[in-house]
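Beneath this line is the structure, given in structure tokens, with notes to follow.
All of these numbers come straight from a predicted model, not from anything done at the bench. In what follows, chains are A, B, ... by sequence order, proteins preceding strands, each numbered from 1.
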Amino acid sequence: MIKVKDLTKRYARTIAVDQISFEVEKGQIVGFLGPNGAGKTTTMRMLTCFLPPTSGSATVAGFDVLEQPLEVKKRIGYLPETPPLYPEMETADYLTFVGRIKGLSGSELNKRVDFVCERCAVADVKKRILGKLSKGYRQRVGLAQAIIHNPDVLILDEPTAGLDPKQINETRDLIKSLAGDHTIVLSTHILPEVEQTCQQVIIINRGKLVATDSVQNLQSRAGGAESVLVEVAGRNGNLDWSVVQKRLEQLRGVSRVHYKTSHANRNIFEVESQKGFVRGDLARAVVEAGWDLNELRPAAMSLEEIFLQLTGSEASVGPREVVAKGAD
Amino acid sequence: MRNVWIICRKELGSYFVSPIAYLLLTMFAVIFGFFFWNALGYFVLMGMESQMRGQMFPMNLNEEVIRPLLSNVSVVGLFFIPMITMRLFAEEKRTGTIELLATSPIRDLEIILGKWCAAMILYACLLLFTALNFAFLFRYGNPDWKPLAIGYLGLLLQAGGLLAIGTFISTLTKNQIIAGAATFGVCLLLWVLEWVSGYETATWARVLSYMSVITHFESFAKGVLDVKDAIFYLTVIFVGLFFTSRSMESLRWRS
Ligand SMILES: Nc1ncnc2c1ncn2[C@@H]1O[C@H](COP(=O)(O)OP(=O)(O)OP(=O)(O)O)[C@@H](O)[C@H]1O
Ligand SMILES: [Mg+2]
């Protein structure tokens with residue numbers, strides 16, 4: 001449905017997108033992942049014919065973005081980074097206007113407006129002025145606007161930014177329910193979002209493609225190691241963590257023990273081990289040494305780690321904080 | 001054509017939901033009303049004087065009232081045009097809605113024409129207020145309507161050209177104020193260019209004065225439809241809109 005080949009965008013000083021290539025099958029949901037400034041928005045703008053590529057090509061539904069932009073635009077619904085709302089319009093009028101410029105008319109247009117209002121939970125602000133809506137509602141109207149003409153391809157730039165947790169889930173469900181008939185590309189720096197909604201991930205960093213794969217493959221790619229989080233407490237309240245660390249390191253199969261925190265009197269260790277490591281050994285060792293074992297749980301190797309692994313560098317510290325907030 | 005109308009209607013909507021349209025209409029009505037009563041008062045005074053002197057040379061409403069008034073409108077219009085066009089594209093660029101228009105299946109030209117038509121319609125509404133005053137003349141006198149109609153045609157053509165230039169300038173910036181100020185500067189310049197013809201007759205002066213939008217209005221004010229002048233205005237409209245479309249295109253390549 002979407003074919004991108006050696007796509008490059010050069011601004012006056014920076015190369016925002018550097019020779020990226022990928023393909024998206026019909027009916028797939030693809031997560032576009034990368035830290036701030038990675039080039040996600042720029043790529044999406046090229047796919048939607050807003051920006052012409054410096055070099056390389058992109059085709060959507062078989063139409064080239066440079067040669068047949070009108071055909072591409074007919075088939076695309078686009079939610080830009082900031083929802084493109086006219087502050088002086090009412091929600092319903094705005095959606096009607098967008099429907100019209102997308103080629104809808106008559107009773108079909110009215111039906112679609114009602115439908116998307118329902119789907120994106122903006123029916124209760126239909127008669128409100130857009131400029132006075134809250135950030136989350138603007139985002140929802142932006143989403144409603146993108147799907148109004150029932151496009152084959154949806155391109156959503158951070159669709160869940162600014163939404164409340166309930167609405168985030170509803171939006172994810174909405175996006176998932178749209179897959180199948182629609183091909184969806186969404187950008188985000190929230191990793192769980194990709195894990196939950198997408199079938200395929202495209203990771204870019206500083207304009208370069210880092211990885212493109214299915215979510216399962218990426219997860220199992222990092223499946224070589226396993227890590228568990230252990231909380232240990234001393235009987236009388238105080239505990240020398242370095243002793244605990246040494247003890248745990250001696251266990252068979254353990255490759256590394258990392259002391260994480262001791263805030264609120266909790267001593268948490270991250271124990272990395274090879275596959276097949278027996279957690280019972282760990283529990284027994286702790287108890288036999290006379291300490292309390294308060295918690296033992298697997299620290300799932302998530303996309304987050306894969307992401308950090310792949311994008312490397314300190315540049316990805318920023319997104320990590322976002323992740324912490326975005327995770328439920 | 002359908003798309004042009006959709007855009008045009010949306011622009012008219014935003015003119016008329018915000019105070020801007022009403023502000024312009026009121027200011028224009030007040031200013032023109034003032035001109036009108038002045039012109040009329042002067043006309044009446046002249047009439048009485050010539051009667052007292054016993055002269056009975058015919059007084060002509062068209063010559064004495066309508067023609068100077070139309071010239072005034074054409075100058076006052078220069079001040080209103082920047083306020084009409086400044087937001088057309090600058091605002092879309094500032095709020096990011098240009099991204100919606102540019103990724104919708106409509107052509108740049110349709111967007112431009114829609115916006116320009118909306119600006120024209122608003123200007124025509126301003127002119128409608130002046131027409132009410134002239135209706136008064138028809139009630140109490142009998143001026144010739146044909147020169148008046150031609151005068152209005154001239155006003156619309158002149159405004160069309162300047163509005164096209166204003167639309168173009170509005171694509172160059174995100175800032176309405178800058179767009180407005182620059183358009184105002186250009187309008188003013190196109191007005192005063194004519195002054196060089198007052199003291200200089202060299203070719204350069206003639207070219208400059210030819211470029212002035214005011215020189216081409218004189219024939220219309222007189223009630224004469226001069227094809228050359230009409231073509232001048234049509235050319236300005238065309239060039240203005242052409243540059244707008246080029247600018248929209250390069251907007252994408254640059255940004
Ligand atoms: N109009 C522009 N002119 C010059 N450089 C730009 C322009 N727009 C973006 N860039 C640069 O291109 C790079 C990629 O920007 P882009 O907006 O695509 O990032 P992003 O992945 O969407 O980031 P974010 O997560 O913050 O939205 C950045 O380095 C940015 O500074
Ligand atoms: Mg972005």
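- Contacts with chain B were tallied for Arg75(A), Arg45(A), Arg100(A), Met89(A); Arg100(A) has the most, counting heavy-atom pairs under 4.5 Å.
- Residue Ser18(B): no heavy atom, backbone or side chain, is found under 4.5 Å from chain A.
- Annotation for Phe238(B): atom CZ does not count as buried by contact number, only 12 or fewer foreign heavy atoms lying within 6.0 Å.
- Judged purely by distance below 3.5 Å, without hydrogens or angles, the side chains of Lys102(A) and Ser104(B) pair a donor atom with an acceptor atom.
- Ile101(A) CD1 to Leu100(B) CG: the interatomic distance, rounded to the nearest 0.5 Å, is 4.5 Å.
- The local environment of NZ in Lys5(A) is sparse, with at most 12 non-hydrogen atoms from other residues, nucleotides or ligands closer than 6.0 Å.
- Side-chain contact check for Thr96(A) versus Lys10(B): every heavy-atom pair is 4.5 Å or farther apart.
- Heavy-atom distances place no part of Val72(A) under 4.5 Å from chain B, backbone and side chain included.
- The environment of Met211(B) atom CE is sparse: at most 12 non-hydrogen atoms of other residues, nucleotides or ligands sit within 6.0 angstrom.
- Scanning all heavy atoms of the two residues, the minimum distance from Gly96(B) to Pro84(A) falls at O-CB, 3.8 Å.
- For Glu71(A), no part sits under 4.5 Å from any heavy atom of chain B, backbone or side chain.
- Distance OH/Tyr78(A) to CD/Glu99(B): 4.0 Å, rounded to 0.5 Å.
- Other residues, nucleotides and ligands place no more than 12 heavy atoms under 6.0 Å from the CZ atom of Phe243(B).
- Within 6.0 Å of NZ on Lys174(B) lie no more than 12 heavy atoms contributed by other residues, nucleotides or ligands.
- When all heavy atoms are compared, the tightest approach of Arg2(B) to Leu104(A) is NH2-O, 2.8 Å.
- Residues Glu92(B) and Tyr86(A) bring a donor and an acceptor atom of their side chains to less than 3.5 Å of each other.
- Interface remark: of the candidates Glu110(B), Arg9(B), Glu91(B), Arg9(B) forms the most heavy-atom pairs closer than 4.5 Å to chain A.
- Neither the backbone nor the side chain of Leu79(A) comes within contact range of chain B; no heavy atoms are under 4.5 Å apart.
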Apply side chain to side chain contact (heavy atoms under 4.5 Å, CB included) to residues Phe50(A) and Leu101(B) and explain how you reach the verdict. CA-CA 9 Å; Phe50(A) 183 65; Leu101(B) 295 185; over 6 Å; no
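- Atom OG1 of Thr103(B) sits about 11.0 Å away from atom CG of Leu51(A), to the nearest 0.5 Å.
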